[in-house]
Amino acid sequence: MSDLPLSLDGALGEQLARVVDVEGKIPRAIDALAPLDGRDVVLIGSSDSARARELTERGARVVLVERVDDAGSLPAGSADVVLAMWSAFRGPDPADLAAADRLLRPEGRLVVVHDYGRDDVSRLRGDLPDYGLWSRRDGPFLRGGFRIRVVHCWWTFGSLDEAREFLAGAFGAVGQEVGSGLHRPRLSWNVAIYHRLRGAGAGPALQSPA
């Protein structure tokens, strides 16, 4: 599920959906980078979609596509924004970029959301390419013409007990360790929003964190 940064079963997954970015920083940042009001947005990989609802509430006309390579059924030049959150553009693959560019109108923008790391959440998940290679100047995103904006978000719980119970249930011993060190019922969570104009492929560029 691309609505969330990771997949958890049952009640744990439902709880994660309730605590992730309750302040709505991610949709606000997307809207700032690729204005949504009155725009056609192809949202890749989102099934339910808390995310689709957020985009619609900001005035976007949203089409859901499960996979990047399923987008061939959509007309060329039919989107102002192609948006993928966590599950797609993991690299990214040149064929996927070409598929996104085919969908985008001139001056359209591809927006890709992944975890950035350097936070509490990354301590739970171990060594992932999201936390290292992808965000480096010599990594596939910045080398491939993307810019990056880092958004400082939270997983916010109702109490310390709730946070510790969730972390232990979802992540076992490492979750217990992280939970025991919390002083507030929330975990720091840095999110990378990679974005590029249609066909962009120039050198790397960085933006200031939000």
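Each residue takes its place number in the sequence, starting with 1. Just so it is clear, the structure is predicted and the values come from calculations on it, not from any experiment.
- Partners of D127 by salt bridge (charged side-chain N to carboxylate O under 4.0 Å, His left out), not counting sequence neighbours: none found.
- Counting heavy atoms from C-beta outward, L187 and L167 have side chains that approach closer than 4.5 Å.
- In this structure, the side chain of R102 engages the main chain of A71 through a donor-acceptor pair within 3.5 Å.
- Counting only heavy atoms from C-beta outward, the side chains of R105 and D40 approach each other to under 4.5 Å.
- Of the possible donor and acceptor atoms, one in the side chain of K25 sits under 3.5 Å from a partner among the backbone N and O of H152.
- Proximity of R198 to L103: side-chain heavy atoms (C-beta onward) are nowhere separated by under 4.5 Å.
- For the pair A168 and Q176, the tightest heavy-atom approach, listed with the atom from each and the gap, is CB-CG, 3.6 Å.
- Side-chain contact check for S135 and R118: at least one donor-acceptor pair (N or O, by modelled atom type) lies under 3.5 Å.
- More than 12 heavy atoms of other residues, nucleotides or ligands lie within 6.0 Å of CD in Q15, so this atom counts as buried by the packing criterion.
- Closest approach of P35 and A32 over heavy atoms only: CD-O, 4.5 Å.
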| Which is it for F166 and L12 under the side chain to side chain contact (heavy atoms under 4.5 Å, CB included) test, yes or no, and what are the steps along the way? | CA-CA 7 Å; F166 170 83; L12 288 172; 3.8 Å; yes
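- A salt bridge is absent between R143 and D138; no separation between the charged side-chain nitrogens and carboxylate oxygens falls under 4.0 Å.
- Shown here for R61 and G38, the closest heavy-atom pair between the two residues is NH2-O, 2.8 Å.
- Across every non-hydrogen atom of R164 and G179, the tightest pair is NE-O, 2.8 Å.
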| field | Pair W86-H114, ring-ring contact (aromatic ring centres under 6.0 Å, His included): steps then yes or no | value | CA-CA 5 Å; W86 292 293; H114 286 303; 8.0 Å; no
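- A salt bridge between R125 and D130 is absent, with no side-chain N of the basic residue lying under 4.0 Å from a carboxylate O of the acidic one.
- Between S87 and G45, the shortest heavy-atom distance links the atoms OG-CA, 4.1 Å.
- For the atom pair R196 CZ and F141 CZ, the distance stands at 10.5 Å (nearest 0.5 Å).
- When all heavy atoms are compared, the tightest approach of G91 to W134 is N-CZ2, 3.8 Å.
- Separation of atoms CG (D96) and CG (L110) is listed at 9.5 Å; rounding is to 0.5 Å.
- Here F89 contributes atom CZ and F146 contributes atom CZ; the two are 7.0 Å apart, rounded to the nearest 0.5 Å.
- Taking OG from S122 and CG from L128, the interatomic distance works out to 8.5 Å, rounded to the nearest 0.5 Å.
- Under the side-chain contact (heavy atoms from CB on, under 4.5 Å) criterion, R58 pairs with P27, R28, D31, L36, not counting sequence neighbours.
- Within 6.0 Å of CD on E23 lie more than 12 heavy atoms contributed by other residues, nucleotides or ligands.
- Results of the side chain to side chain contact (heavy atoms under 4.5 Å, CB included) test with Y116 over V191, I148, I193 single out I148 as the only residue that passes.
- Residues V113 and I30 form a side-chain contact, since some pair of their non-hydrogen atoms from C-beta on lies under 4.5 Å apart.
- Expressed to the nearest 0.5 Å, how far OG of S159 lies from CD of E165 amounts to 8.5 Å.
- Counting heavy atoms from C-beta outward, W154 and R184 have side chains that approach closer than 4.5 Å.
- When the side chains of ILVMFWY residues are joined at heavy-atom separations under 4.5 Å, either directly or via intervening members, L160 and L124 end up in a single hydrophobic cluster.
- No more than 12 heavy atoms of other residues, nucleotides or ligands shown are found within 6.0 angstrom of CD on E66.
- For the atom pair L83 CG and L33 CG, the distance stands at 11.0 Å (nearest 0.5 Å).
- Between V65 and L74 the shortest side-chain heavy-atom distance falls below 4.5 Å.
- Results of the side-chain hydrogen bond (donor to acceptor under 3.5 Å, both in side chains) test with W189 over T156, D115, D21, D119 single out D115 as the only residue that passes.
- Transitive grouping of hydrophobic side chains (ILVMFWY, heavy atoms separated by less than 4.5 Å) keeps V22 and I26 in distinct clusters.
- For W155 and D120, the side-chain atoms include no donor-acceptor pair closer than 3.5 Å.
- Side-chain contact between I44 and R67 is absent, with no heavy atoms from C-beta onward closer than 4.5 Å.
- Remark: the R147 side chain and the H195 side chain contain no N/O donor-acceptor pair separated by less than 3.5 Å.
- Inter-residue side-chain proximity for L104 and D80 is flagged as unmet; no heavy-atom pair is nearer than 4.5 Å.
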